[in-house]
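Let me begin by presenting the structure, written as structure tokens, before commenting on it.
In what follows, every heavy atom counts, from backbone to side chain, and hydrogens, waters and symmetry copies are set aside.
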Amino acid sequence: MLPLSSAAIIEKNKVAGDSVWVILLEITIPGASAIRICSNNENIVWNGETWVPFPFELDEMSENNGGEVPSLNVRVSNVTQELQYYLEETDGAVGFPVTIRVVNSKHLDLTSPELQLDFVCNDASYDARWITFKLGGDQKTNRRVPERRYLKNFCPFAYGGIECGIPAATKAAYPTCVKTLAQCRERGNSQRYGGEPALPLGGFYG
């Protein structure tokens, strides 16, 4: 979080002011123009980009001490269904970067926002009224590392897939496989076996 600029502190401390704090919401769509909307009744031009007035709501950011990534729900009006198209074409916008900024209407010449929060869209849903984006941190911290378990007598590769590499003729002769080393040898494909036969007996690792 950035400290407030001196101009913003002056505006904040005024008993009565003629400026407003404007929330800028930017949704980056890979391969397309970013969606930029603002909580205002007219366009906001800031840093050379134009934010268009459009209804949206922000929930309070969730906080916990259980190690979970904080999340924030953002609801954007779906009355016009303009954004619904992107959700349907991009698998729910999962992974899209979303940035929330706060600027002061009288100090749009400042190149740094008074507040900036960067998120990733982890889920999205919609109904006739709202599109709801569930924002959070990058979920890389929640991924399994390594991605696969190490198993002694089980191959994790898809039978007939690229990693398996079994010839089409062999697969036609053996339509199914239970993915053990014995069956891989039976098909003459043990050099591509994806299990770990050198592991000690008694389970899996990973």
Side-chain angles (χ1 to χ4, degrees), residues 1-66 68-141:
M1 183 181 299
L2 299 174
L4 288 177
S5 66
S6 57
I9 292 174
I10 293 172
E11 293 297 330
K12 178 180 70 70
N13 292 336
K14 285 182 178 178
V15 176
D18 56 355
S19 65
V20 295
W21 299 96
V22 182
I23 300 175
L24 308 179
L25 177 64
E26 181 176 24
I27 303 172
T28 302
I29 303 173
S33 299
I35 296 172
R36 297 184 178 94
I37 58 179
C38 64
S39 60
N40 201 38
N41 56 9
E42 59 183 9
N43 288 355
I44 290 290
V45 179
W46 178 75
N47 264 2
E49 302 290 353
T50 300
W51 274 260
V52 179
F54 204 78
F56 66 89
E57 299 177 350
L58 305 179
D59 285 349
E60 291 186 8
M61 185 182 298
S62 67
E63 297 182 1
N64 61 78
N65 56 6
E68 298 178 8
V69 177
S71 62
L72 171 70
N73 288 340
V74 176
R75 288 182 296 279
V76 180
S77 174
N78 194 34
V79 174
T80 63
Q81 298 186 344
E82 294 180 33
L83 297 183
Q84 183 176 324
Y85 166 80
Y86 292 106
L87 266 66
E88 295 172 345
E89 293 295 314
T90 57
D91 194 25
V94 173
F96 284 13
V98 178
T99 303
I100 298 171
R101 300 180 177 93
V102 177
V103 297
N104 189 275
S105 62
K106 284 195 66 177
H107 300 283
L108 298 177
D109 56 317
L110 298 177
T111 57
S112 296
E114 300 302 339
L115 173 67
Q116 177 169 327
L117 299 173
D118 296 302
F119 298 95
V120 171
C121 178
N122 293 329
D123 192 18
S125 59
Y126 62 86
D127 56 28
R129 294 188 58 201
W130 298 101
I131 295 175
T132 301
F133 296 94
K134 184 176 181 180
L135 309 181
D138 191 340
Q139 296 302 296
K140 291 178 182 177
T141 54

Evaluate the side-chain proximity of [Y] to [X]: yes if any heavy-atom separation is below 4.5 Å, no if none is.
X	Y	result
L24	C38	yes
F133	V98	no
L110	V103	no
F54	T80	yes
W46	V22	no
I35	V76	no
D127	N78	no
P97	V120	no

How long is the straight-line distance from [atom2] of [Y] back to [atom1] of [X], given to the nearest 0.5 Å?
X	Y	atom1	atom2	result
F56	I37	CZ	CD1	5.5 Å
L135	L25	CG	CG	8.0 Å
I23	W51	CD1	CH2	13.5 Å

Chi angles and distances behind the side chain to side chain contact (heavy atoms under 4.5 Å, CB included) call for D59, R75: CA-CA 8 Å; D59 285 349; R75 288 182 296 279; 2.9 Å; yes

Set out, in order, the CA-CA distance, both residues' side-chain angles and the distance that settles side chain to side chain contact (heavy atoms under 4.5 Å, CB included) for L72 and I100, then state yes or no. CA-CA 11 Å; L72 171 70; I100 298 171; 3.6 Å; yes

Would you list the pairs meeting salt bridge (charged side-chain N to carboxylate O under 4.0 Å, His left out) in which at least one residue belongs to residues 38-53, sequence neighbours left out? R36-E49

Side chain to side chain contact (heavy atoms under 4.5 Å, CB included) between V79 and Q81, worked out: CA-CA 6 Å; V79 174; Q81 298 186 344; over 6 Å; no

T111 vs N47, test: side chain to side chain donor-acceptor pair (under 3.5 Å). Steps then yes/no. CA-CA 6 Å; T111 57; N47 264 2; 4.9 Å; no

By ring pair (Phe, Tyr, Trp, His ring centres under 6.0 Å), W130 pairs with (sequence neighbours left out) none

Those residues at least two apart in sequence (or on a different chain) that pass side chain to side chain contact (heavy atoms under 4.5 Å, CB included) with D123 are K134

Closest approach of P53 and N43, non-hydrogen atoms and distance?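 Minimum heavy-atom contact is CD-OD1, 3.0 Å.
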
Where is the tightest heavy-atom contact between R101 and T99, given as atom of each residue plus distance? CZ-CG2, 3.6 Å

May I ask you to decide if V20's main-chain N or O and S105's side chain share a donor-acceptor pair within less than 3.5 Å? yes

